[in-house]
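First listed ligand is number 1; within each ligand, the first listed atom is number 1. FYI, side chains are in, hydrogens and waters are out, and symmetry mates aren't considered; it's all heavy atoms of this structure.
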Amino acid sequence: VKELKLIAITRDVSPSIGRCELTHLPRVSIDVAKARAQHRAYEETLRGLGVEIVALPAEPALPDSVFVEDAAVVLDECAVITRPGAVSRRPETDSIAAALRPYRALSFIHDPGTLDGGDVMRVGRTIFVGLSGRSNRQAIDELAGIVGPFGYRVIGVPVSGCLHLKSAVTPIAEDALLINPGWVNPRDFSGFRLIEVDPSETQAANALRAGHGILYPAAFPKTRSRLEAEGFRIVPVDVSELAKAEGAVTCCSLLFGRSHRGHRMSKRGVGRERGRKGGDE
Ligand code: GLY
């Protein structure tokens, strides 16, 4: 079986990243040049895993816009453009919708729903959504209405102590999750093989499966050893400067398979876009 080519949408680090949203971290100065160099290395690492990068230009007025994951949820069948929980991040979605339109039919989350892609974790046909400071029940219901017809089950799970669901738990195989049990309840993920972060590395649950490897922050060697001891192939990346903006490895890309229909969707595909309403932000 020929595997689908993976595409990652990324966006260059904004020169204003120092004014990013911060919820659980103190503000410390961010070296933009270093953050950019780390981001380029992240893109190169993805390329090395066989991923095609679609790189968007920096958005000088949008400090958090490098964290493209929060602006959309991309499934094989469609993409859902979010309505981010932080007001400052809502203008990030227009350019992400434009970048995704060639690949997927789009749907949209509307007011009063708020959803950050960092709160959305798909494993098989189940989509877990974190009830965090950013994502609410209305958005979960709206998402369920959009993706239910494609056979996905959407489950809201409480998150506390961290920014997003995927700060606390991420998939590292079809049946295995890397988890910080202090921030989500492991019982919400029964049926999966759970690998816990090292207790001294609380931020270590965010890993990005890409191709045959797992991109993983270099800052968490103890958890990395646990993963390698379990047979996972870890590809370390240094994202220390981006971590100061409360971002990690999943946040910096929107990763998806090229459409089964081929390279680009037709104009008819674009015409099927659902639920676009003007002026609802
Ligand atoms: N700085 C990342 C966020 O708060 O969304």
Side-chain angles (χ1 to χ4, degrees), residues 8-36 38-39 42-43 56 58-74 80-97 99 109 111 113-121 128-136 139-140 143 158-170 180 183-184 202-208 215 217 219-220 237-255 281:
I9 293 178
T10 60
R11 172 149 48 205
D12 199 3
V13 175
S14 175
S16 63
I17 189 169
R19 296 198 303 273
C20 65
E21 296 283 340
L22 288 173
T23 309
H24 297 277
L25 293 182
R27 193 168 298 279
V28 293
S29 98
I30 297 176
D31 180 334
V32 176
K34 187 172 173 191
R36 286 205 158 136
Q38 289 182 349
H39 187 256
Y42 169 93
E43 291 173 326
L56 306 181
E59 291 277 0
L62 300 175
D64 281 297
S65 52
V66 64
F67 302 129
V68 289
E69 171 186 61
D70 291 314
V73 177
V74 188
V80 181
I81 305 301
T82 64
R83 182 169 179 270
V87 174
S88 72
R89 301 202 56 189
R90 294 198 185 141
E92 294 176 26
T93 57
D94 281 350
S95 51
I96 295 295
I109 298 295
D111 189 6
T114 63
L115 185 71
D116 280 12
D119 276 318
V120 180
M121 178 176 78
F128 293 97
V129 183
L131 281 158
S132 69
R134 296 284 175 85
S135 302
N136 64 18
I140 291 178
L143 180 67
V159 176
S160 65
C162 61
L163 184 59
H164 288 131
L165 176 67
K166 280 189 279 190
S167 320
V169 57
T170 49
N180 176 339
W183 290 343
V184 283
T202 55
Q203 317 272 341
N206 188 267
L208 177 64
L215 253 77
F220 308 120
V237 284
D238 182 0
V239 288
S240 55
E241 212 59 27
L242 295 159
K244 294 177 184 172
E246 222 166 345
V249 287
T250 64
C251 325
C252 293
S253 55
L254 278 164
L255 194 62
E281 320 239 285

Is the closest side-chain heavy-atom distance between Ser167 and Asn206 below 4.5 Å?
no
Is there a polar contact, in the sense of an N or O pair closer than 3.5 Å, between Glu21 and ligand 1?
yes
Are any of the N/O atoms on Arg89, whether in the backbone or the side chain, positioned under 3.5 angstrom from an N/O atom of ligand 1?
yes
How close do Cys20 and Asp64 get, counting heavy atoms only, and between which atoms?
CB-OD1, 3.2 Å
Checking the N or O distance criterion of under 3.5 Å, is ligand 1 in contact with Thr23?
no
Can you confirm whether Val169 sits close enough to Met121 that some side-chain heavy atom of one is under 4.5 Å from a side-chain heavy atom of the other?
yes
Counting heavy atoms only, name the option from Arg134, Glu246, Glu92 that's nearest to atom 4 (O) of ligand 1.
Arg134
Tell me whether Arg89 is salt-bridged to Glu21, with the criterion being a basic N under 4.0 Å from an acidic carboxylate O.
no
Show, in sequence, the C-alpha distance, side-chain angles and deciding distance for Lys166 and Asp119, and conclude whether the side chain to side chain contact (heavy atoms under 4.5 Å, CB included) test is met.
CA-CA 6 Å; Lys166 280 189 279 190; Asp119 276 318; over 6 Å; no
Give the numbers and elements of all ligand 1 atoms closer than 4.0 Å to a heavy atom of Leu163.
3 (C), 4 (O)
Any N or O on Asp64 sitting closer than 3.5 Å to an N or O of ligand 1?
yes
With sequence neighbours left out, the residues meeting side chain to side chain donor-acceptor pair (under 3.5 Å) with Thr10 are Glu43
For ligand 1, which is the ligand I care about here, please tell me if Ala245 has any N or O atom under 3.5 Å from one of the ligand's N or O atoms.
yes
